[in-house]
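In the text below, chain A, chain B and the rest are named by the order of the sequence lines, each starting its count at 1. The figures here come from the full heavy-atom set of this structure, side chains too, leaving out hydrogens, waters and symmetry mates.
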There are 2 protein chains.
Amino acid sequence: MKKKNTLTIYDLARELNYSTSTISRALKNHKSISKKTAQLIQRAAEERGYRPNSLAASLRSNNSKTIGVSISNISRPFVSDMISGIETSAREKGYNVIISQSHDSYDNEVSNAKALYDSRVCGIIASLSMQTENTDHFNQFKDQGIPVVFVDRVPNNFQSYHVIIDNYTSAYIATEHLIEQGCKRIAHFAGSQHLNVYSQRKKGFIEALKHHDLEIDERLIVDMKTLSFEEGAQVTAELFKLNNPPDGIFSSNDTAAVSAILYLKKQGIRIPDDVAVIGFNDDPISSIVEPALSTIYHPAQKMGELSTRRILEHLEKEDGMHTTEISVLETHVISRASSVRKKST
Amino acid sequence: MKKKNTLTIYDLARELNYSTSTISRALKNHKSISKKTAQLIQRAAEERGYRPNSLAASLRSNNSKTIGVSISNISRPFVSDMISGIETSAREKGYNVIISQSHDSYDNEVSNAKALYDSRVCGIIASLSMQTENTDHFNQFKDQGIPVVFVDRVPNNFQSYHVIIDNYTSAYIATEHLIEQGCKRIAHFAGSQHLNVYSQRKKGFIEALKHHDLEIDERLIVDMKTLSFEEGAQVTAELFKLNNPPDGIFSSNDTAAVSAILYLKKQGIRIPDDVAVIGFNDDPISSIVEPALSTIYHPAQKMGELSTRRILEHLEKEDGMHTTEISVLETHVISRASSVRKKST
DNA sequence: TTGTAGGCGTTATCAC
DNA sequence: GTGATAACGCCTACAA
């Protein structure tokens, strides 16, 4: 019942009167082995219950067939969808996936990166923590020719693969969608401005207003720390204490948007007639809240799959050159009841 | 820019005029090394940018410090919360976590188990796929003294650790909760009956009815395949075609329950007055739907943490005995508007 | 306190 | 087509 009854190619070699090299080759269907011996050996291995030790193989061949993932928190729907995509496409190709959560702490992200490096992952997919402003801890990978893919929350100046959406344009069309519904004073729930995703959304928002000659009222643009449910309600409350409250809200995520809807309804404010709302991400809650939340479709699963693909393609290439290669996936407005006003025809 | 400039304890040994054993020990603060040399070596390692190769260490010490996780699909809120708990408490202790999704396919689960075994995980945490009826593919771990923790969706006859909730009692109190609200004809959305979690819930449901002398109408107990949103609406529609439709619904998950609520509202059926509804899991959507869904609190994160703890404790024990050790976590009814009727006092 | 030497299980480079 | 042999990087008795 204790360990140590574990079979190695050594044991097979002895039992079958072959050398370990032949065994090793046979098990991998190396072409230089005759079909007959290959079959013989494979059958014997099967029977004896031989199991390869990937640790040894990884060490020897300097290839762990493992992808490291660094994200904020798995519990967020966007993140878990993304990881689902990463894992599915990685496993298909025989790769393992090690996950690590930063819980949006810079220090955790740094120590996780260390751990992943020490585990000799052969590629890393990362989405930055809220706190991260410096990305030197990813240099260790690049320096060793290990591909780095940043996804969604990407840094500004890091030569690597990027898998993103066009946050600027997505925000622009979200804002324009509200304008089309007749909104004149639109509030924006912005996130941490040192993260690209949120600063781009803010920019897109402002540009859309400008383009439509709408006034930009700084009081309606709120930089939020976490875009949490609590913060959403709180900020909404503040906004509606203004003499001149907004008639539309574009939130950088769905959580805060849903929170705003629930708060406003409780105040007897009608959605979308008094205030039209649009969120970002298409989390499950967005289609459940009433009125259903309009939002921006965010291709989480696809982004995960593409990230894995970038890693694997890089590993196949001979020249491990690290260029910046940016893949931008499509988004679109999902138009639901929270923003669509009955047109008076 | 290419690899191979990677430093080993060998290089350090040469440069510092020590043997590799001294280096190795110094880096792990082995007690037999003088503080002075230990510091000297550690500082040099730091400076030179030495990074340990955990693959080599794992191979040598026969300990990968890695936990394998086998679950259906990360995207489900219950699962991602659980994994979050697993990962957080594992990393705290210096363990990696490799995830594998079965997508509720038995074949995937089997091949994932193989891959995890080959990676020499030193423990495995598994929640069975919907299809799984046979769990022989987990024997390979037990046979090698590798601890197996089944969590939530556990098998019937497998000597190992179990981390579960009391599904029978949880269902019982959920049903009783509806009965207290005055429900007489309660429908039950049941899941795949070969999975413990669902069969226990069905039993608890039936027992509660019996105990309160309510009629058990088989037509109101529906074995569902996936408990999906679509299935929820469809089954609800069927139920309300009956001459004598239910006045309460106890669903085995929140997804189907929410779907039922939305469907019924569209039909002009009032909740909770005409039909009281309670779900299971406390997914985020349950508190967003209107009326908010009553449900059973399911300690996903805690179950993950406890599973990790079971693994680590087992690894510390000298005798790697495999006994069945069942940990049952507490649940409770979360009472929300979908089930609470105004009492006429 | 430090060094020597062997091995963890596999693969790759030679040979034959 | 097959076999020696030497790594891969680290750990750990056993010596000194």
Side-chain angles (χ1 to χ4, degrees), chain A residues 2-42 44-45 48-66 94 117-122 144, chain B residues 3-42 44-45 48-66 94 115 117-122 144:
Chain A
K2 241 4 209 335
K3 310 190 187 193
K4 293 291 78 181
N5 45 344
T6 173
L7 220 53
T8 73
I9 54 171
Y10 244 111
D11 303 317
L12 289 176
R14 199 165 356 92
E15 293 183 29
L16 301 178
N17 264 321
Y18 277 110
S19 73
T20 56
S21 9
T22 306
I23 306 287
S24 173
R25 291 183 186 118
L27 292 173
K28 314 198 91 73
N29 275 317
H30 194 286
K31 55 186 172 182
S32 76
I33 300 286
S34 77
K35 298 267 175 257
K36 228 168 72 184
T37 41
Q39 281 215 351
L40 177 78
I41 290 175
Q42 286 169 17
R48 299 271 197 298
Y50 164 78
R51 308 300 304 281
N53 183 327
S54 346
L55 287 174
S58 298
L59 176 62
R60 177 59 234 243
S61 58
N62 197 25
N63 175 6
S64 64
K65 300 205 85 177
T66 298
Y117 179 91
D118 292 351
S119 301
R120 296 299 187 268
V121 295
C122 46
Q144 294 297 324
Chain B
K3 309 188 189 193
K4 292 294 78 182
N5 43 344
T6 173
L7 221 53
T8 73
I9 54 172
Y10 245 108
D11 303 317
L12 289 177
R14 198 163 358 88
E15 293 183 29
L16 302 178
N17 266 318
Y18 277 110
S19 72
T20 56
S21 21
T22 305
I23 306 286
S24 173
R25 292 185 186 117
L27 291 174
K28 314 198 91 71
N29 275 318
H30 194 286
K31 53 185 174 182
S32 75
I33 300 286
S34 76
K35 299 266 176 255
K36 230 168 72 182
T37 41
Q39 280 216 351
L40 177 80
I41 291 175
Q42 286 169 16
R48 299 270 197 300
Y50 164 78
R51 307 300 303 278
N53 183 327
S54 350
L55 287 174
S58 299
L59 176 61
R60 174 57 230 248
S61 58
N62 197 24
N63 176 7
S64 64
K65 300 205 85 178
T66 298
Y117 179 90
D118 292 350
S119 301
R120 296 298 187 269
V121 295
C122 45
Q144 293 298 323

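- In this structure, B:Ser32 reaches the bases: a heavy-atom distance under 4.0 Å links it to at least one base atom across the strands shown.
- Residue A:Ile33 holds its CD1 atom at 9.5 Å from CG of A:Leu27, rounded to the nearest 0.5 Å.
- With hydrogens and angles ignored, no donor-acceptor pair closer than 3.5 Å exists between the side chain of A:Arg60 and the base of C:dT10.
- Within 4.0 Å (heavy atoms only), A:Asp11 reaches no atom of the nucleic acid at all.
- For the OP1/OP2 pair of C:dT2 and a distance below 4.0 Å, the side-chain nitrogens and oxygens of B:Ser19 include no atom meeting the criterion.
- Counting only distance, with no hydrogens or angles, the side chain of B:Asp118 and the backbone of B:Ala115 share no donor-acceptor pair below 3.5 Å.
- Distance B:Ile23 CD1 to D:dC11 C1': 14 Å, rounded to the nearest Å.
- Map B:Ala57 and B:Arg25 each onto its nearest nucleotide of DNA chain D; the residue landing nearer the 5' end is B:Ala57.
- Protein atom CG of B:Asn62 is 14 Å distant from nucleotide atom C1' of D:dT12, rounded to whole Å.
- In this structure, A:Thr37 reaches the sugar-phosphate backbone alone: every heavy-atom distance under 4.0 Å involves primed, P, OP1 or OP2 atoms, never a base.
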Q.
Please evaluate residues A:Ile23 and A:Tyr10 with respect to the criterion side-chain contact (heavy atoms from CB on, under 4.5 Å), reporting the C-alpha separation (whole Å), side-chain torsions for both, the decisive distance (0.1 Å), and the verdict.
A. CA-CA 8 Å; A:Ile23 306 287; A:Tyr10 244 111; over 6 Å; no
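- B:Ser61 places a side-chain N or O within 3.5 Å of a backbone atom of B:Ala57 that can act as its donor or acceptor partner.
- In terms of polar N and O atoms assigned as donor or acceptor, the side chain of A:Ser21 comes within less than 3.5 Å of the base of D:dA4 in a complementary pairing.
- Closest to the B:Tyr10 side chain, of the nucleotides C:dT10, D:dC10, C:dA5, is D:dC10.
- Place A:Ser24 and B:Leu59 on DNA chain C by their nearest nucleotides, and B:Leu59 ends up nearer the 5' end.
- For D:dA4, neither phosphate oxygen OP1 nor OP2 lies less than 4.0 angstrom from any side-chain nitrogen or oxygen of A:Tyr18.
- Among the heavy atoms of the strands lying under 4.0 Å from A:Ser34 are primed sugar atoms or P, OP1, OP2 only; no base atom is included.
- Atom CG in A:Asn53 sits roughly 17 Å away from atom P in D:dG9 (whole-Å rounding).
- Nearest nucleotide to the B:Lys28 side chain, out of D:dG3, D:dC11, C:dT2: D:dC11.
- Residue whose closest nucleotide on DNA chain C sits further toward the 5' end, between B:Asn17 and A:Thr8: B:Asn17.
- Residue side chain B:Arg51 does not reach the base of D:dG9 through any donor-acceptor N/O pair under 3.5 Å, judged by distance alone.
- Here the CD1-CG distance, from B:Ile41 to B:Leu12, works out to 8.0 Å after rounding to the nearest 0.5 Å.
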